[in-house]
Each structure stands twice: as C-alpha cells, then as structure tokens.
Number of protein chains: 2
Amino acid sequence: MEYIEAKNKFIQAWGTLGSSWGINKAMAQIHALLLISPNPLTTEEIMEELKISRGNANMNIRALIDWGIVEKEHRIGERKEFFSTGKDILELARQVSKERRKREIDPILKVLEQIQDVSGENEKLSKEFKNVTGDLRNFTQKVDGVIEKFSKSDKNWFYKLLMKL
Amino acid sequence: MEYIEAKNKFIQAWGTLGSSWGINKAMAQIHALLLISPNPLTTEEIMEELKISRGNANMNIRALIDWGIVEKEHRIGERKEFFSTGKDILELARQVSKERRKREIDPILKVLEQIQDVSGENEKLSKEFKNVTGDLRNFTQKVDGVIEKFSKSDKNWFYKLLMKL
DNA sequence: ATTAACTTTCAATATTTATTGAAAGTTTAA
DNA sequence: TTAAACTTTCAATAAATATTGAAAGTTAAT
C-alpha cells in the first residue's frame with residue numbers, strides 16, 4: 001500500500017474510533033496525524049493536511065493540549081508554534097483514562113452517593129433502588145480504582161498486569 | 001431524598017453518562033429505568049415514564065435487546081411484551097464490553113493490519129509510520145485480549161483481578 | 001377470516017454537536 | 001512603537017444524530 005493511502009486510511013479510522021468514544025472527529029484526526037508525523041507540525045500544516053478551518057484546528061489542538069496528550073514547541077527565530085504528540089501508546093492511554101476518570105466517573109459517583117439515602121413510602125421500590133444503585137456505586141468505585149492506578153502507575157504496571165492474565 | 005427525585009436524578013445521570021460513551025440518551029435512560037424497576041415494564045410504561053415517543057422507545061428497546069442487556073418476556077393471556085434487564089452489574093459490564101469489542105476494536109485492528117505493509121519513497125516517513133501503527137496494533141491487541149477475557153470470564157475473574165491490585 | 005391489540009418502520013422534524021471564517025487579540029523582531 | 005505574523009474567539013452555518021408520530025405490519029383470540 002502506498003504511504004499516502006495508508007496514512008489517510010489511518011487518519012480516517014482513528015477519527016471514526018474517536019467519534020464513538022466521545023472524542024470529536026477533528027480532534028482524533030489531528031492526534032492521528034501528529035502520531036505518525038516524525039516531526040512537529042504547525043497549525044497551518046494540520047489545516048492543510050486535514051482540510052479543516054483555522055478555528056477548528058486551533059480549538060482542537062488546544063483541547064488536545066488540555067488533555068495533556070499534545071505539546072507545543074517554540075523555535076527560536078520562528079513565530080509559529082509547532083505541535084507534537086508523544087509516541088508512547090501506553091502513556092497516551094494513561095492520559096486519556098485519567099482525563100475521562102475526572103470528567104465522567106467522578107460525576108456519576110457523586111450522583112450515586114447523593115441518591116443513596118432515598119426514602120419512600122413504597123418499601124419494595126426503595127429497596128430495589130438501593131440495591132441496584134448501591135451495587136453500581138460499588139462496581140464504579142472498583143473500576144475507578146483500577147483506572148486511577150493505571151493512570152498514575154509507572155510504565156510497567158500495565159504490562160505486568162497483562163502478563164498475569 | 002424522595003424516591004421520585006432520586007429515581008429521576010439517577011435516570012438523568014445515567015443518560016448523560018451514556019451520551020459520552022456512544023450510547024444514546026434514550027437508550028441509556030431506558031436501561032436505567034429497567035435497572036431500578038423491580039418488575040418488567042411494557043413499552044407503554046417506558047414511554048410514559050420517560051416521556052418519549054413510541055417509535056423511540058421501540059427502537060431503543062430493540063437496540064438494548066440486540067446488545068444482549070435487555071430481555072423480553074411474554075405472559076400468557078397478555079399481548080404486551082414485558083422488558084427487564086439483569087441486575088448483575090458485572091454481567092452487564094461484560095455484555096457491554098463484549099459488544100464494543102466486536103463493534104469497535106475489531107475494525108480498528110483490521111485497518112491497522114491492512115496498513116502495516118506500507119511502502120513509500122520517503123524512508124523516514126514510512127519507518128515512523130510503521131513504528132507507530134505497529135505499536136498501536138500491539139497495544140490494541142493486548143487490550144483486546146483483556147476485554148475478551150473479561151467478557152468471557154466467569155463471574156469471579158474480575159473480582160479476583162481487582163483483589164490482586 | 002376477522003379484528004382488536006399490539007409492534008415496527010420511516011420520512012419529517014427537532015435537537016445537538018461540529019465547523020467555518022472573518023474579526024479581534026496577541027506577540028515579537030526591527 | 002509599529003506592523004507583520006501569528007493565535008484566539010465566537011456568531012453564523014452546516015452536519016450529524018435523535019426523536020416523533022402516523023401509517024403499515026403483525027399476531028392471536030374469537
């Protein structure tokens with residue numbers, strides 16, 4: 001397969017995967033592009049390569065920086081900013097899971113805790129409700145623990161875990 | 001907190017969580033409702049409770065059945081179908097991860113394999129490309145293995161894993 | 001075979017989310 | 001300090017996604 005074709009296929013696929021995981025297409029595609037690029041790219045180059053507008057490129061680059069998976073680089077004598085992403089996939093996975101934990105697991109745990117002390121005239125309903133939300137909270141906390149461990153771990157932790165399985 | 005309030009809060013929160021995980025709001029809310037309901041519900045009851053249309057309810061109930069996390073029940077002498085979902089959270093997590101593995105991990109692995117034999121005049125680009133996509137494939141396969149093991153495992157597997165950590 | 005009770009479908013519509021591009025803001029070399 | 005080179009913002013617009021509801025389809029008791 002030709003390089004250009006392979007590259008486009010990859011960017012495309014990564015974008016699609018991103019979409020079904022709550023990462024928007026442009027963001028996932030910018031990330032894909034930076035992943036396979038051997039050198040840092042400017043906003044201009046990213047716009048050009050992905051055929052997206054300046055605003056779109058800018059916003060999503062900033063989002064990726066926010067997520068801690070893209071870094072900017074200044075070069076002396078150059079006004080432009082150059083962007084790159086780490087090529088260590090495990091590190092990337094750690095950053096992403098850390099981010100999602102904060103944004104998604106924390107809020108749902110908060111709700112599950114809030115609703116734990118439900119009271120109602122209907123005994124059966126209240127009991128069922130407490131059972132289910134309690135289980136859910138328990139499970140979520142456990143998963144949360146694993147993700148936290150993963151996102152804070154040294155590089156080998158996950159591989160060691162995989163080896164055990 | 002009153003039962004009604006707690007229930008609505010839960011359905012709401014579960015819907016929001018679903019949205020950021022590629023499960024649409026109605027689908028997640030129907031699931032939440034069935035989770036906390038002590039008895040199976042009809043389409044009618046679901047529509048009423050969540051204030052959604054017949055078509056919407058029907059389509060999402062079918063999707064949940066497709067995903068293997070909701071079951072229908074016929075009752076003799078009754079024309080209506082009753083729906084329920086298992087209350088075992090771990091089992092639910094297994095079903096969901098199985099489904100997503102099939103729908104999302106398989107396709108991306110396929111692409112990563114396809115593009116592995118890239119050829120191009122530019123040595124540096126091709127090499128970087130192969131490195132990154134190769135790593136990605138490797139990592140994805142490992143994660144895939146874990147998810148598969150999880151989704152096929154007996155109930156205790158995951159708890160045992162958690163205990164180890 | 002009929003029909004009432006239900007389920008499914010799908011084109012129209014509404015809602016949500018992403019994208020654009022032009023204007024405003026900022027930085028830095030001279 | 002200026003002004004060219006760049007970055008950021010955001011209201012308008014487009015695109016994607018979800019929802020409705022009415023009509024068509026199906027089923028099962030009589």
Side-chain angles (χ1 to χ4, degrees), chain A residues 11-34 40-67 70-84 100 103-104, chain B residues 11-34 40-67 70-84 100 103-104:
Chain A
I11 289 173
Q12 200 48 49
W14 207 238
T16 304
L17 188 68
S19 297
S20 59
W21 283 88
I23 293 158
N24 83 48
K25 207 177 67 184
M27 191 169 159
Q29 288 183 337
I30 292 169
H31 177 246
L33 180 60
L34 292 176
L41 303 177
T42 62
T43 302
E44 214 76 25
E45 290 169 313
I46 292 169
M47 285 166 59
E48 161 69 16
E49 192 81 47
L50 302 177
K51 311 276 185 248
I52 60 175
S53 73
R54 183 171 300 287
N56 196 7
N58 181 267
M59 301 231 297
N60 287 112
I61 290 168
R62 298 306 136 185
L64 286 165
I65 291 173
D66 258 15
W67 275 53
V70 159
E71 280 161 18
K72 67 174 140 189
E73 176 183 316
H74 286 282
R75 290 185 186 170
I76 48 174
E78 289 261 28
R79 291 266 188 97
K80 286 176 191 154
E81 291 178 321
F82 289 77
F83 303 100
S84 62
R100 297 202 69 142
R103 294 183 194 219
E104 289 154 17
Chain B
I11 289 173
Q12 200 47 48
W14 207 237
T16 304
L17 188 68
S19 298
S20 58
W21 284 88
I23 293 156
N24 85 47
K25 208 177 67 184
M27 190 169 160
Q29 288 183 337
I30 292 169
H31 176 247
L33 180 60
L34 292 176
L41 303 177
T42 62
T43 302
E44 212 77 27
E45 289 169 313
I46 292 169
M47 287 166 59
E48 160 70 16
E49 192 82 48
L50 302 177
K51 311 276 185 247
I52 60 176
S53 74
R54 182 171 301 285
N56 196 8
N58 182 266
M59 302 229 297
N60 287 111
I61 290 168
R62 298 305 136 185
L64 286 164
I65 292 172
D66 258 15
W67 276 53
V70 159
E71 280 161 19
K72 65 174 144 190
E73 179 184 318
H74 285 283
R75 291 186 186 171
I76 47 174
E78 289 261 30
R79 293 263 188 100
K80 285 175 190 155
E81 292 178 321
F82 289 77
F83 305 100
S84 63
R100 296 200 69 141
R103 293 183 196 219
E104 288 155 17

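All chains are named by letter (A, B, ...) in the order of the sequence lines, taking the proteins before the strands, and each is independently numbered beginning at 1.
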**Complete:** Separation of C/dT7 atom P from B/Ile65 atom CD1, nearest Å, is 11 Å
**Asked** Within the pair A/Asn56 and C/dT20, is there a side-chain N or O less than 4.0 Å away from OP1 or OP2?
**Response** yes
**Item:** Whole-Å gap separating P (C/dT7) and NZ (B/Lys80)
**Value:** 8 Å
**Item:** Spacing between A/Glu73 atom CD and D/dT7 atom P, to the nearest angstrom
**Value:** 14 Å
**Asked** What nucleic acid atoms does B/Asn24 come within less than 4.0 Å of, heavy atoms only: base, sugar-phosphate, or nothing?
**Response** sugar-phosphate
**Asked** At what distance, to the nearest 0.5 angstrom, does CD1 of A/Ile30 lie from CE of A/Met59?
**Response** 10.5 Å
**Item:** Separation of C/dT27 C1' from A/Arg75 CZ (nearest whole Å)
**Value:** 19 Å
**Asked** Which sits closer to the 5' end of DNA chain C, B/Glu44 or B/Met59, going by the nucleotide each is nearest to?
**Response** B/Glu44
**Request:** Nearest-nucleotide wise, let me know which of A/Glu78 and A/Gly55 is further upstream toward the 5' end of DNA chain D.
**Result:** A/Glu78
**Message:** Nearest whole Å is fine: how far is C/dT15 C1' from B/Ile52 CD1?
**Reply:** 15 Å
**Request:** Would you indicate what A/Glu81 reaches in the nucleic acid, counting non-hydrogen atoms under 4.0 angstrom: base, sugar-phosphate, or nothing?
**Result:** sugar-phosphate
**Prompt:** Touch check for B/Lys72, heavy atoms < 4.0 angstrom, all strands: base, sugar-phosphate only, or nothing?
**Reply:** nothing
**Request:** Measure the spacing between CE of A/Met47 and CG of A/Leu41 and express it to the nearest 0.5 Å.
**Result:** 13.0 Å
**Message:** Any side-chain N or O of B/Arg79 below 4.0 angstrom from OP1/OP2 of D/dA29?
**Reply:** no
**Nearest listed nucleotide, side chain of A/Asn60, among C/dT19, D/dT20, D/dT7** = C/dT19
**Atom pair distance, as rounded to whole Å: CE in A/Met47 and P in C/dT19** = 14 Å
**Asked** What distance separates A/Trp14 CH2 from A/Ile11 CD1, expressed to the nearest 0.5 Å?
**Response** 12.5 Å
**Request:** Decide if atom CD of B/Glu73 counts as having more than 12 heavy atoms of other residues, nucleotides or ligands within a radius under 6.0 Å.
**Result:** yes
**Request:** To the nearest 0.5 angstrom, please state how far the CG atom of A/Leu33 sits from the CG atom of A/Leu50.
**Result:** 5.0 Å
**Request:** Could you tell me the separation between the NZ atom of B/Lys25 and the P atom of D/dT19, rounded to a whole number of Å?
**Result:** 6 Å
**Asked** Contact class for A/Arg54 (heavy atom, under 4.0 Å): base, sugar-phosphate, or nothing?
**Response** base
**Item:** B/Asn58 side-chain N/O to C/dT7 phosphate OP1/OP2 under 4.0 Å
**Value:** no
**Item:** Nearest-angstrom distance from the residue atom CD1 of A/Ile46 to P of C/dT19
**Value:** 14 Å
